[in-house]
Amino acid sequence: MFSFKIMENKQHDLDIRYMRMAKIWAENSYCLRRKVGALIVKDKMIISDGYNGTPSGFENVCEDNEGLTKPYVLHAEANAITKISRSGNNSQGATLYVTASPCIECAKLIIQAGIKRVIYSEKYRLTDGIDLLERAGIETLQLKDADRE
């Protein structure tokens, strides 16, 4: 029991650190409305990262003239997951750290990518993404204290 508690505290400390890193990574986004960062971690190694933004080769402008997000802007989770496909890594059994809870479309990608834990900081206005992840048996955790360490 004692060693399990130590391991649990150690994992919580790691979760806080990786979430802080995801928040820093979000600063790379050119989006004005919301900057979101994501890290995929497997075996205590960051195997991918992403932030919300336009596809490669597009101008780095996420909002239209009315201030609405352009429909082709990629979410941070989608960017991190698609980067995996261009590397020698795979995300089977990994943890995704993301600064905003995933939408339904990203949740589907997360499930298909074999990610087993999703740690997020702020709740998105819709919860259908988190609901789908939980239905798929993926551990989800809102971590609000990532700035306190």
Side-chain angles (χ1 to χ4, degrees), residues 4-56 58 62-64 66-87 89-149:
F4 177 74
K5 192 69 171 164
I6 290 172
M7 286 174 43
E8 194 175 271
N9 288 339
K10 193 172 189 177
Q11 183 61 58
H12 180 73
D13 290 346
L14 285 171
D15 288 344
I16 289 171
R17 288 184 187 108
Y18 285 126
M19 183 58 70
R20 283 195 345 237
M21 293 170 74
K23 287 180 177 186
I24 290 168
W25 201 245
E27 295 172 13
N28 289 316
S29 174
Y30 288 91
C31 296
L32 302 175
R33 290 181 62 190
R34 174 180 288 191
K35 295 177 182 292
V36 180
L39 296 176
I40 299 176
V41 177
K42 185 174 179 179
D43 300 324
K44 296 183 183 174
M45 290 188 307
I46 297 170
I47 60 169
S48 191
D49 55 59
Y51 51 87
N52 56 327
T54 57
S56 297
F58 282 64
C62 298
E63 292 83 11
D64 62 20
E66 285 80 48
L68 300 174
T69 302
K70 293 178 180 178
Y72 53 83
V73 168
L74 290 160
H75 290 186
E77 309 93 298
N79 265 327
I81 290 168
T82 56
K83 268 186 171 179
I84 293 276
S85 67
R86 294 191 317 253
S87 73
N89 292 317
N90 74 67
S91 52
Q92 191 68 38
T95 298
L96 170 72
Y97 295 89
V98 62
T99 58
S101 62
C103 70
I104 190 82
E105 293 302 317
C106 288
K108 291 188 269 186
L109 292 174
I110 291 164
I111 293 165
Q112 290 301 97
I115 293 168
K116 293 301 176 201
R117 292 178 75 226
V118 175
I119 312 298
Y120 62 96
S121 180
E122 63 181 70
K123 254 190 185 151
Y124 183 61
R125 61 182 169 84
L126 302 173
T127 63
D128 52 355
I130 292 295
D131 296 341
L132 184 64
L133 293 173
E134 290 173 351
R135 181 175 171 199
I138 294 171
E139 179 187 345
T140 62
L141 174 67
Q142 183 176 14
L143 190 64
K144 297 179 184 179
D145 58 352
D147 294 320
R148 282 197 248 152
E149 192 175 279

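What's counted below: heavy atoms across the whole structure, side chains too, no hydrogens, waters or symmetry copies. Every value quoted in this text rests on a predicted model; they were computed, and no experiment measured them. We count residues from 1, following the sequence as given.
Judged purely by atom type and a 3.5 angstrom limit, Q142 uses its side chain to pair as donor or acceptor with the backbone of S121. Not one N or O on the side chain of Y51 forms a donor-acceptor pair closer than 3.5 Å with the backbone of H75. Between the side chain of S29 and the backbone N or O of A26, no donor-acceptor pair lies under 3.5 Å. For the pair K83 (side chain) and S48 (backbone), a donor-acceptor distance under 3.5 Å is absent. Between the side chain of S101 and the backbone N or O of Y124 there is at least one donor-acceptor pair closer than 3.5 Å.
Considering only heavy atoms from C-beta on, R33 comes within 4.5 Å of E63 through its side chain. Annotation: side chain of I110 is in contact with side chain of P102 (closest heavy-atom distance under 4.5 Å). Inter-residue side-chain proximity for M19 and I119 is flagged as met; some heavy-atom pair is nearer than 4.5 Å. Using a 4.5 Å heavy-atom threshold, the side chains of Y97 and R17 count as separate. Considering only heavy atoms from C-beta on, D13 stays 4.5 Å or farther from K10 through its side chain. Contact check for I104 versus L126: no side-chain heavy atoms found under the 4.5 Å cut-off. Contact check for Q92 versus I115: no side-chain heavy atoms found under the 4.5 Å cut-off. Here the side chains of N52 and C62 are not in contact, with every heavy-atom distance at 4.5 Å or above.
In terms of heavy-atom proximity, L39 sits nearest to A22 at CD1-N, 3.8 Å. The two atoms that bring A136 and I111 nearest to each other are CB-CD1, 3.7 Å, heavy atoms only. Residues G129 and A107 share a closest heavy-atom pair of O-CB, 3.4 Å. The minimum heavy-atom distance linking G50 with A80 is given by the pair N-CB, 3.9 Å.
Interatomic distance, CG of L74 versus OG1 of T54, reported as 8.0 Å (0.5 Å rounding). To the nearest 0.5 Å, atoms CD1 (I84) and CG (D49) are separated by 9.5 Å. One finds the CG atom of L132 at 8.0 Å from the CD1 atom of I138 (value rounded to the nearest 0.5 Å).
A salt bridge links E122 to R34: at least one charged side-chain nitrogen sits closer than 4.0 Å to a carboxylate oxygen.
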Please report the C-alpha distance between K42 and N90 in whole Å, then the side-chain angles of each, then the deciding distance to 0.1 Å, and finally whether the side-chain hydrogen bond (donor to acceptor under 3.5 Å, both in side chains) criterion is met.
-> CA-CA 9 Å; K42 185 174 179 179; N90 74 67; 2.8 Å; yes
Stepwise side-chain contact (heavy atoms from CB on, under 4.5 Å) check, V118 with L141 = CA-CA 6 Å; V118 175; L141 174 67; over 6 Å; no
Stepwise, does the side-chain hydrogen bond (donor to acceptor under 3.5 Å, both in side chains) test hold for T140 with E134?
-> CA-CA 7 Å; T140 62; E134 290 173 351; 2.7 Å; yes
Going through the distances and angles, do K44 and Y18 end up as a side-chain contact (heavy atoms from CB on, under 4.5 Å)?
-> CA-CA 10 Å; K44 296 183 183 174; Y18 285 126; 4.1 Å; yes
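Partner of Y120 under the side-chain contact (heavy atoms from CB on, under 4.5 Å) criterion, chosen from I130, T99, L143: I130. Checked against I40 for a side-chain contact (heavy atoms from CB on, under 4.5 Å), the options V98, L96, N89 give a single hit: L96.
Within the structure, salt bridge (charged side-chain N to carboxylate O under 4.0 Å, His left out) contacts touching residues 91-118 (residues at least two apart or in different chains) are D15-R117, E105-K108, R117-E139.
Residue Q112 qualifies as open at atom CD: its count of foreign heavy atoms under 6.0 Å is 12 or below. Atom NZ of K123 has 12 or fewer heavy atoms from other residues, nucleotides or ligands within 6.0 Å.
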